[in-house]
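Quick note: numbers below take in every heavy atom, side chains included, and nothing from hydrogens, waters or symmetry partners. Just so it is clear: chains get the letters A, B, ... in the order the sequence lines come, proteins before strands, and each one is counted from 1.
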Amino acid sequence: MKKIFATLATLMATTGLAQAQEVLNLFNWGNYTNPELLSKFEAETGIKVTVTDYDSNDAALAKIEAGGHGFDLVVPTHQYVQIYASKGLIQKLDLSKLPNHSNIAQEWMNVEWDPGRAYTVPWQWGTTGIAVNTSVYDGDINTSDIFLKVPDELKGKINVVPEMNDIVNLAVMWAGGTSCSEDTEVLKKARDALVAAKPDWISMDYGATEKLSNNDWAASVNWNGSTMRARIANPSVKYGYPKEGYPIWMDSVALLSDAQHVENAYKFLNFIAEPENAALISAFARYANGIAGSEAFMPEDMQTAPEVVVPEEFKAAGSFIPTCSAKAQEYMTAIWTELQK
Amino acid sequence: MSLAEERQRKTSARNGWLLSAPALILLTLAASGPLLVVLVYSFLEKGQYGNVLWDFSTDGWTGILFSRDIFDDTLKLADAHLTIFWRSVKLSFLTTIITFLLGFPTAWFIATRTPAHRAIWLFLITIPFWTNLLIRTFAIGEILRSEGLINTALIRLGIIDQPIQMLYNDGAVLVGMAYVYLPLMVLPLYSAIERFDMRLLEAGYDLFASRMQVLRHIILPIVKPGIIAGSILVFVPSLGAYVTPRILGGGKNMMIGNFIELQFGQGRNWPLGAALSMTLLVVVTVALLFYVRTLGKGGSGGGHG
Amino acid sequence: MAKPGFTVAHLPGFATIAVGVFVCLYLPIITLVVYSFNGGSSIAVWQEFSFRWYSVAWGNEAVKDATVRSLVIALSASAIATVLATFAALGTTRRAPYRGQTFIYVMINQPLMVPEIVTAVALLIIFASIKVATGYHGLGYLIAAHSAFCIPFAYLPIRARLEGMDTVMETAAADLYASAWQTFRYVTLPLLAPGIAAGAMLAFVISLDDVVITEFVKSGGQDTLPTYMLGQLRRAVTPEVNAISSALLALTVALLTAFFLLTRKRD
């Protein structure tokens with residue numbers, strides 16, 4: 001027993017020591033932060049960044065809202081930025097401390113969810129589309145029919161990522177509506193299509209990068225960066241942009257109102273707005289970022305990747321999902337519950 | 001009753017309370033007490049983006065059984081919720097049965113070795129459980145998948161020519177839960193069997209009892225406290241299982257744990273989540289009471305077990 | 001117990017089932033260890049033998065931190081839970097039934113009856129307000145929460161053991177003028193030791209495995225190994241986690257074996 005306590009004390013002491021250093025607590029999606037980025041930041045500033053993972057926007061929001069979380073920065077998806085802001089959970093940025101703020105690409109500066117980027121600095125953006133192993137199915141993959149009217153070749157082999165916002169909105173757009181629709185006819189059609197298609201899906205799970213690479217799944221509703229990583233491992237995986245409409249999303253870094261290391265947080269925000277560093281973020285998770293000039297520093301294969309560079313013909317079909325109204329949200333949740341039973 | 005006896009009884013009771021007090025205090029602070037919050041939350045109005053509004057409402061409770069049709073606004077039975085509840089109870093019950101059927105012979109086997117060997121076998125059964133639950137669950141997934149160990153072996157042996165889809169269904173969840181919870185069944189069974197006096201068996205056989213009779217009338221009643229402890233340890237966590245259904249079930253078919261989590265996450269209906277939690281609590285309590293009543297009858301020891 | 005010929009303890013088929021169970025228990029673990037040496041970045045497709053993921057894991061600060069944190073929490077929580085559970089077990093068995101005994105029993109086992117997710121949400125709400133009020137964000141909350149839900153896991157085996165022990169020995173010791181403490185220290189405790197060991201082990205494993213409560217209670221920078229891996233679920237799992245798990249497994253097996261051999265010698 002004594003020995004256990006001695007070891008414990010040593011362990012406590014070592015963990016305690018680490019806290020004497022300048023630190024920063026980043027609350028981010030799992031497997032989304034390039035360790036090289038953090039070591040480079042630490043080398044430049046002496047600040048040690050601790051990353052804590054979450055796996056859904058809502059889980060992160062619940063945690064932040066409860067308070068006393070100890071985080072400094074969070075990386076919400078665009079439609080959550082306004083929710084955070086309206087609840088007073090994130091603070092307006094002091095632009096004088098962010099000389100690199102002007103590096104934010106023009107198209108990402110005046111975004112609807114954060115005009116003038118008063119609250120956030122871009123992290124990464126991407127699209128939700130359809131990844132298909134073309135050696136199993138060689139038909140048209142640029143359509144939501146792939147998961148809503150599953151072709152015979154893909155029956156029992158297609159996965160759907162369990163992201164309510166992405167999936168319900170894909171189905172709504174497929175049914176002829178717009179995202180966050182409150183049109184009951186459209187919603188009904190979307191719901192019926194989802195419920196009818198579900199028996200043909202193998203699962204509703206994460207981890208598509210891996211499972212598309214190793215042929216566990218022949219197709220999946222998936223994010224572009226993850227699909228690119230799968231394609232590098234398994235060349236027959238192709239990424240389709242549903243012509244009926246698909247969601248574009250952006251995760252951005254926001255400074256929490258009760259952050260305890262505000263100065264360090266500003267240093268980090270400024271750091272990631274540097275094109276070279278933004279490129280490091282992208283090189284890891286394989287999504288584009290929103291910093292002008294970062295392309296020059298990105299791995300070559302990303303500059304032409306069909307998953308990252310949206311082909312001209314499919315650009316129009318993509319749209320940002322706004323923060324849905326309470327009513328639309330309720331519809332979405334009801335459909336989702338029915339789908340998951 | 002004499003005065004001395006009375007005093008002794010009182011001291012004994014006081015000591016009982018004193019000895020239990022530290023555990024009770026910690027449990028009140030970090031387990032039971034906070035549950036009151038959940039009860040309170042179940043009677044509040046849901047907030048727009050999760051959380052609650054501090055207005056009284058019973059929507060959370062009616063939401064368990066009835067759901068308002070989102071399109072024509074009629075109130076109908078929430079069959080989705082009932083399906084999920086039923087699936088959870090069924091899978092947990094099956095898990096308990098399976099772990100017992102496998103765990104009892106295993107515990108018996110271990111307990112009947114020589115003392116030195118017993119320790120080794122016991123050691124062997126605990127080792128896998130020093131590996132993290134998540135990673136163990138992943139590992140099972142690796143074995144069950146289409147290109148996994150079982151399918152590859154079967155194909156090589158020429159028994160099948162197409163891989164069998166074993167992952168992402170209730171069966172996979174069942175296998176995973178049985179695997180994960182097996183030691184929770186074996187250990188209490190073992191400790192009950194270990195102090196079982198094997199001479200009773202001799203007596204049984206001397207009286208011309210058959211193996212089946214010995215098993216039923218001598219062994220089972222005596223190891224009953226172990227069975228009860230093991231079943232509780234397996235059944236309840238199974239009912240609230242979250243990780244295993246998510247990984248092995250492929251997220252297509254939720255269990256109650258996932259459904260409650262959904263309400264606190266993407267579902268943004270905390271009062272319903274709170275009410276569901278309370279319902280689950282009631283279901284568990286009723287099941288336990290029933291269990292203890294039926295099994296506890298005529299058992300040795302374990303008055304409260 | 002081993003007698004030639006007919007042994008009363010023999011039940012046909014049991015040994016076969018037991019051996020089958022052991023094989024099944026180890027199959028996933030072996031796969032896990034094998035793939036930790038995979039040179040490729042998949043936990044399922046074998047490429048070549050390499051120590052790649054061990055060096056990756058070793059160089060990953062986040063993983064190391066999470067591992068140490070998991071161990072600190074599990075050791076503290078199982079120690080606290082075992083001590084409290086031992087007291088509680090002594091307080092609830094082998095004495096004349098008293099008022100409130102059932103209440104105590106129900107309270108102690110309460111964490112078993114409440115699905116984790118419920119406790120997790122409750123703790124999130126309560127602890128968050130304590131954190132705001134006190135400004136303390138340390139590991140204490142996680143240790144308290146873990147200790148609490150580990151108590152019944154430690155309690156049940158200890159109680160089971162106690163129930164099977166009669167009070168003859170203790171009475172004998174008391175008759176020989178041993179003090180209450182001496183009786184406890186030299187009679188009860190040694191007899192109870194296997195139950196306590198089983199309880200402590202269970203508590204440790206349960207704490208080490210916990211995902212849901214930890215996920216809700218943790219503050220910034222307090223990822224444990226399971227929550228770290230849960231975060232990775234969303235993207236992709238690499239053999240890095242296999243490597244960490246295998247390394248941890250090797251370490252615990254070594255420690256347990258040492259412990260096992262040492263205690264055996266003493267017998």
Novice: Is the backbone of B:R14 close enough, under 3.5 Å, to the side chain of C:Y98 for a donor and an acceptor to pair up by distance?
Specialist: no
Novice: Do B:F138 and C:N242 come within less than 4.5 Å of each other through their side chains, counting heavy atoms only?
Specialist: no
Novice: I'd like to check B:F104 versus C:I17 (side-chain heavy atoms, cut-off strictly below 4.5 Å). Are they in contact?
Specialist: no
Novice: Need one label for C:L202: side chain, backbone, both or neither, based on atoms under 4.5 Å from any heavy atom in chain B.
Specialist: side chain
Novice: Does any N or O in the side chain of C:Y26 come within less than 3.5 Å of the main-chain N or O of B:L124, such that one atom is a donor and the other an acceptor?
Specialist: yes
Novice: With a 4.5 angstrom heavy-atom cut-off, is it the side chain or the backbone of C:A15 that approaches chain B, or both, or neither?
Specialist: both
Novice: Check each atom of B:L182 against the heavy atoms of chain C and say whether the ones under 4.5 Å are side chain, backbone, both or neither.
Specialist: side chain
Novice: Does the side chain of C:M201 come within less than 4.5 Å of B:L187's, by heavy atoms?
Specialist: no
Novice: Decide yes or no for B:L27 and C:P111: does some side-chain heavy atom of the first lie under 4.5 Å from some side-chain heavy atom of the second?
Specialist: yes
Novice: Measuring from B:S12:OG to C:R94:CZ, what's the distance to the nearest 0.5 Å?
Specialist: 11.5 Å
Novice: Are the side chains of C:F22 and B:T106 in contact, using a 4.5 Å heavy-atom criterion?
Specialist: yes
Novice: Does any part of the side chain of C:F14, heavy atoms only, come nearer than 4.5 Å to the side chain of B:F109, both counted from C-beta?
Specialist: no
Novice: In terms of heavy-atom pairs under 4.5 Å with chain B, which of C:V21, C:L32, C:T119 leads?
Specialist: C:V21
Novice: Do C:E116 and B:E261 have side-chain heavy atoms sitting under 4.5 Å apart?
Specialist: no
Novice: Between C:L156 and chain B, with a heavy-atom cut-off of 4.5 Å, which part of the residue counts as in contact: side chain, backbone, both or neither?
Specialist: side chain
Novice: Counting only heavy atoms closer than 4.5 Å, note whether C:Y141 contacts chain B via side chain, backbone, both or neither.
Specialist: neither
Novice: Could you verify whether a donor N or O on one side chain and an acceptor N or O on the other, from B:S32 and C:Q110, lie under 3.5 Å apart?
Specialist: yes
Novice: Counting only non-hydrogen atoms closer than 4.5 Å, does C:I213 touch chain B with its backbone (N, CA, C, O), its side chain (CB onward), both, or neither?
Specialist: neither
Novice: Between B:R9 and C:P97, which heavy-atom pair has the shortest distance, and what is it?
Specialist: NH2-O, 3.7 Å
Novice: C:L249 versus chain B, heavy atoms under 4.5 Å apart: side chain, backbone, both or neither?
Specialist: side chain
Novice: So what's closer than 4.5 Å to chain B heavy atoms on C:L90: side chain, backbone, both or neither?
Specialist: both
Novice: Answer whether the closest heavy-atom distance between the side chains of B:L26 and C:S147 falls below 4.5 Å.
Specialist: yes
Novice: Side chain, backbone, both or neither: which part of C:L208 has a heavy atom under 4.5 Å from chain B?
Specialist: both
Novice: At what distance, to the nearest 0.5 angstrom, does CG of B:L19 lie from CD1 of C:I104?
Specialist: 9.5 Å
